[in-house]
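Taking it in order: structure first as structure tokens, then the write-up.
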Amino acid sequence: LRGTSIFNGSITNISVIEITDDTNLPRIDYSPYSGAGTCGHWLFEPQSTNLLTYSEDFTQWTTLNFTANSETTIAPNGNTVNGYDFGDGYIFKDTAALDGSSSYTNSIYIKANKSATIGLRKGGASDGTDDVDINLTTSWQRFEATSVTSVTYPGRLLLDNRTIKGYGVSDLKVFIFAAQQERLSYATSYIPTNGSTVTRNQESANGAGSSDLINSTEGVLYVETAALADDSVIEGISISDGTVSNKVVIFKWNTSNSMRGRVTASGVNSLNQTFSVDDIKSFNKIAISYAENNFSIWLNGVEVFTDTSGAVPVGLNKLQFDIGGGGSNFYGKCKTVAVFKEALTDDELECLTS
């Protein structure tokens, strides 16, 4: 016993659970959360830095007619946050100088007491002409604004409600949370800061299972994924021999809402086809079936391409979140990656991808 307190009662069972800061666990994301039963997915993101030094402590920001009130609410991460009266003014925080050749993205969560339109400064904006209109509601929303800088100047995340800028919503009350500025063309998940910039390392996935489960003669590579951004960056998920000479790859391709399936055997492409998706940032189910002189690509229950000529790869023994030989790493949301040892029938492929 410690101290003078006395415990009156009995203990019949003790359970001890070790809590560790285990970094070798997948990051499970549930956004967009839609209530009980929402399925999670792996979230793979590149390294990124929140350049804003105070992401939640808005007393460290510069304000005009933006004052705290007594109201509170629960933020998306479960924290209690304070409310603010947003008069004919602004709130902003500057960051270090941005270079003149990169994309920068500002993001912030906001909800309001009523529907309203205010201004949000783009990531690399230099003045108010680079603000974008954002439409507030009474529910939490994450807003993003991206720009490519052409000159070097300090970065800024600014929320604007000034009449002179064309906003001036009266009696506006807001809650704000999770402010972030990144040197990326899109916003990644929230990186909290409190007095300094913070960097989150990129995710990686290792230990996919036994290479005996991958068949070079025939098989299927299946994924259910969503991209983080609809941009020109090529990313892949593959089975290969560890090189780009023998591989089966499902690509996020370099044009808007497009993907590509590729099967390469001894350096020669047996299948190499681009296909469109409705929304690359939504989950899509994609399968490539391969066997000698029999290749097909399936998307969301529909066969989008077939090819009846070509050899199959040799020595397939690796499942990787890249294009087979390293590089073009996949970053995005992933519900499923599966490898089948047999080339499935059309009915099976339709069922798998539906």
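These numbers come from the heavy atoms of this one structure, side chains and all, not from hydrogens, waters or symmetry mates.
A salt bridge links K173 with D85: the closest approach of a Lys/Arg side-chain nitrogen to an acidic carboxylate oxygen falls below 4.0 angstrom. The existence of a salt bridge linking D231 and K281 is excluded, since no basic side-chain nitrogen approaches an acidic carboxylate oxygen closer than 4.0 Å.
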**Prompt:** Under the side-chain contact (heavy atoms from CB on, under 4.5 Å) criterion, do K335 and F283 qualify, and how do the steps go?
**Reply:** CA-CA 8 Å; K335 287 186 178 180; F283 279 99; 3.5 Å; yes
**Request:** For the pair V169 and L136, evaluate side-chain contact (heavy atoms from CB on, under 4.5 Å) and give the outcome as yes or no after the intermediate values.
**Result:** CA-CA 11 Å; V169 181; L136 310 183; over 6 Å; no
**Request:** Please test R260 against T274 for side-chain contact (heavy atoms from CB on, under 4.5 Å), starting from the C-alpha separation and ending with a verdict.
**Result:** CA-CA 4 Å; R260 175 169 288 197; T274 302; 2.7 Å; yes
**Message:** Determine whether Y167 and D133 satisfy the following criterion, side-chain hydrogen bond (donor to acceptor under 3.5 Å, both in side chains), listing intermediate values before the conclusion.
**Reply:** CA-CA 9 Å; Y167 304 108; D133 292 347; 2.9 Å; yes
**Prompt:** Run the side-chain contact (heavy atoms from CB on, under 4.5 Å) check on S266 and N246 step by step: do they pass?
**Reply:** CA-CA 6 Å; S266 300; N246 291 282; 4.0 Å; yes
**Asked** Could you walk me through whether D88 and R162 pass the salt bridge (charged side-chain N to carboxylate O under 4.0 Å, His left out) check?
**Response** CA-CA 5 Å; D88 186 13; R162 284 176 289 178; over 6 Å; no
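Taking the ring centroids of F275 and F305, they lie at or beyond the 6.0 Å cut-off.
Residue V220 is not grouped with residue L316 when hydrophobic side chains (ILVMFWY) are merged at heavy-atom distances under 4.5 angstrom, including chains of intermediate members. When the side chains of ILVMFWY residues are joined at heavy-atom separations under 4.5 Å, either directly or via intervening members, F177 and I134 end up in two distinct hydrophobic clusters. Under the 4.5 Å side-chain heavy-atom criterion for Ile, Leu, Val, Met, Phe, Trp and Tyr, I237 and L271 are members of the same hydrophobic cluster. By the criterion of side-chain heavy atoms lying less than 4.5 angstrom apart, applied directly or through intervening Ile, Leu, Val, Met, Phe, Trp or Tyr residues, V304 is grouped together with V248 in one hydrophobic cluster. L120 and L172 end up in the same hydrophobic cluster when Ile, Leu, Val, Met, Phe, Trp and Tyr side chains are linked at under 4.5 Å.
Between the side chains of N257 and S276, no donor-acceptor pair is found at a separation under 3.5 Å. Under the 3.5 Å distance criterion, with hydrogens and angles disregarded, a donor-acceptor pair is assigned to the side chains of T117 and N135. S328 and D322 share no side-chain donor-acceptor pair at under 3.5 Å. Using a 3.5 Å distance cut-off with no hydrogens or angles, the side chains of T345 and D347 do not pair a donor with an acceptor.
The number of heavy atoms from other shown groups lying within 6.0 Å of CH2 (W42) does not exceed 12. Around CD1 of I28, the count of heavy atoms belonging to other residues, nucleotides or ligands within 6.0 Å exceeds 12.
For R200, the side chain to side chain donor-acceptor pair (under 3.5 Å) partners at least two apart in sequence or on another chain are E45, T188, S189. Partners of Y190 under the side chain to side chain donor-acceptor pair (under 3.5 Å) rule, at least two apart in sequence or in another chain, are S55, E56. For the side chain to side chain donor-acceptor pair (under 3.5 Å) test, residues two or more places apart in sequence or in another chain that qualify with D94 are R156. A search for side chain to side chain donor-acceptor pair (under 3.5 Å) contacts involving T73 returns K111, not counting sequence neighbours.
The OG atom of S170 lies 9.0 Å from the CG atom of N161; values are rounded to the nearest 0.5 Å. To the nearest 0.5 angstrom, M259 atom CE is 10.0 Å from F251 atom CZ. Distance CG/L159 to CD1/I176: 6.0 Å, rounded to 0.5 Å. Taking CG of L51 as the reference point, atom CD of Q180 lies at 9.0 Å (rounded to 0.5 Å).
For the pair K252 and A227, the tightest heavy-atom approach, listed with the atom from each and the gap, is CD-CB, 3.7 Å. Of all non-hydrogen atoms in V302 and T353, the two that sit nearest each other are N-OG1, 4.4 Å. In terms of heavy atoms, V244 sits closest to T264 at O-CG2, 3.7 Å. The two residues V314 and S216 have their closest heavy-atom pair at C-OG, 3.8 Å. In terms of heavy-atom proximity, R262 sits nearest to W253 at NH2-CH2, 3.7 Å.
The aromatic rings of W61 and F58 sit perpendicular, their planes meeting at an angle over 60°, well past the 30° parallel limit. Aromatic ring pairs are classed by plane angle as parallel below 30°, tilted from 30° to 60° and perpendicular above 60°; the pair F66 and F86 is perpendicular.
Listed by first then second residue, pairs satisfying ring-ring contact (aromatic ring centres under 6.0 Å, His included) with a partner in residues 211-241 number zero, not counting sequence neighbours.
Exactly one of L319, I239, I250 qualifies for a side chain to side chain contact (heavy atoms under 4.5 Å, CB included) with V337. That residue is L319.
Side chains of E182 and E144 form no contact here, defined as non-hydrogen atoms less than 4.5 Å apart. Side-chain contact check for T53 versus T197: some heavy-atom pair is nearer than 4.5 Å.
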Can I get a per-line list of side-chain donor-acceptor pairs under 3.5 Å for residues 289-300, giving both atom names and the distance, sequence neighbours left out?
from : atom 1 : to   : atom 2 : distance (Å)
Y290 : OH     : N215 : O      : 2.6
N293 : OD1    : G310 : N      : 2.9
S296 : OG     : W298 : NE1    : 3.3
N300 : OD1    : K285 : N      : 2.8
N300 : ND2    : N284 : OD1    : 3.0

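At least one test fails for K93 against the ring of Y54: distance under 6.0 Å to the centre or angle within 45° of the axis.
Side chain of N50 to backbone of Q181: a donor-acceptor contact under 3.5 angstrom is found. At distances below 3.5 Å, not a single donor-acceptor pair connects side-chain atoms of K318 with backbone N or O atoms of G324.
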